[in-house]
Amino acid sequence: MPGTQQGIATLADTDKLNHDFVTCPFCGLHCDDLSVASNGGKLTVTKNGCEKAKAGFEHDVPSAVPQIGGKDATLPEAIAEAAARLNQSRQPLIGGLGTDVEGMRAVLALADRAGGVVDHALSAAMSRNMGVLQTKGWFMSTLTETRNRADLLIIVGVDLAAEHPRFFERIASPAEAMFDGDADKRTVVLIGCGGNAKSGVKGGRIGDVIEIACQAEEIPPLLGALRAVLKDVPHTAPPPAGIPAATLTDLAGRMKAASYGVAVWAPHALTFADADLAVQMVSDIVRDMNKTTRFVGLSLSGNDGAQSAASVCSWQTGFPLRVSFASGAPDYDPYRHDVARMLKAGEGDLLVWISSFGPVPVAPPETDLPMIVIGSPNIKLARAPDVFIPVGTPGLDHGGRLVRCDSVVSLPLKRLRSTPLPRLTEVALNIEAALQRT
Ligand code: SF4
């Protein structure tokens, strides 16, 4: 019978164990209550988790070895080749950044040494938040505060049951909350969340569920109309077609009556043109509300290690992501150091792509540039990269830490199985060390 172990398993132990209190790395909530059985390298979620977690933990990982130009190589050979290519590069672009805290620390050391630009695959989404934070500041909540205090949740532009499947179970409708009685039944309002979102709102603490359906691009004008109603001022444009004024009046009344209202969004789900306006408008409404009551925002992001990458970059350079080390010092510019833009504009001469979270690791953008891929073995690539180094997934193949979407805590990751795959930290630091010698 497999044993139960709550601490970090040793290498020899990991092949047949039940692991409790496992942190899930597959979305920014990083739920830390999963149980996962490990048997001969095969992982099975046995308690808690969700479909997304099951897909992430339970998918088969093909065996893979490093490659140079599509041909098998040893790890030291691949590291030496990667270092040689970085050494020749005048402007390396280091993107993807799908890794954990320790991995990101190593990537920054490498970027610093190589004079590279660092940018996460989800930076465009994160910058929707960053622009608001930098220009006006904001009032934000955490998952814990929301779980304990919220009596009204307004969810904007995201089907949470699909994007962050356990949000309602763990945050909106938890089995226990610190201030029971204050939030017996929570009202949930869905604004432009898509046709399936309402069916995913479940839980014993959920009270009224109000759906205000609109197209994604109608969210900013709808929020503008709601803001006018809240402030009791005329609004030049009517709310989007089909939404009665009485609906907004009713919502404004509920917001004013709430003792702890929370506006929830996920920046990566706001994919329409000018989506920044939606975050801006939510933040403005929250600010207005705080003149008379308590109201906060809650941004759910952090998939693919995005929050870890952004946090580590801020801790170590003083800037959020999209930083260049080309001048020898960190240089932050969210427009110029956008790797996708730089590739389209013909800037840069080498792409280093990092992507270690499955089950479908984020693939690199199309480019004719020479490419080094350091990623999960099942990453789908349109062409053989010049150097490919397969690495393990944080929280499955090795321990580590990930910063949660609300950026107030980092969660410990466990090694759940033994694997020959190296961790990205080791690979990046070895490439950096090889660069130092050249
Ligand atoms: S909600 Fe997210 S973090 Fe929680 S188990 Fe599902 S995929 Fe993992």
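Residues: numbered from 1 along the sequence shown. Counting starts at 1 for both ligands and their atoms, in listed order.
Legend: ring pair (Phe, Tyr, Trp, His ring centres under 6.0 Å) pairs involving residues 131-158, not counting sequence neighbours: none detected. Each ring pair (Phe, Tyr, Trp, His ring centres under 6.0 Å) pair with one or both residues in residues 299-322, not counting sequence neighbours, appears once here: Phe319-Tyr332. Residue pairs meeting the side-chain hydrogen bond (donor to acceptor under 3.5 Å, both in side chains) criterion with at least one member in residues 369-389, sequence neighbours excluded, are His59-Asn378, Ser376-Asn378.
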Decide ring-ring contact (aromatic ring centres under 6.0 Å, His included) for Phe26 and Phe57; before the verdict, give the C-alpha distance in whole Å, the side-chain angles of both, and the deciding distance to 0.1 Å. CA-CA 9 Å; Phe26 296 109; Phe57 281 103; 5.3 Å; yes
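Protein contacts to atom 2 (Fe) of ligand 1 involving N, O or S atoms at a distance below 2.8 Å are Cys27 SG.
When the shell of 6.0 Å around NZ of Lys47 is examined, it contains 12 or fewer heavy atoms from other residues, nucleotides or ligands. More than 12 heavy atoms of other residues, nucleotides or ligands sit less than 6.0 Å from atom CD of Glu58.
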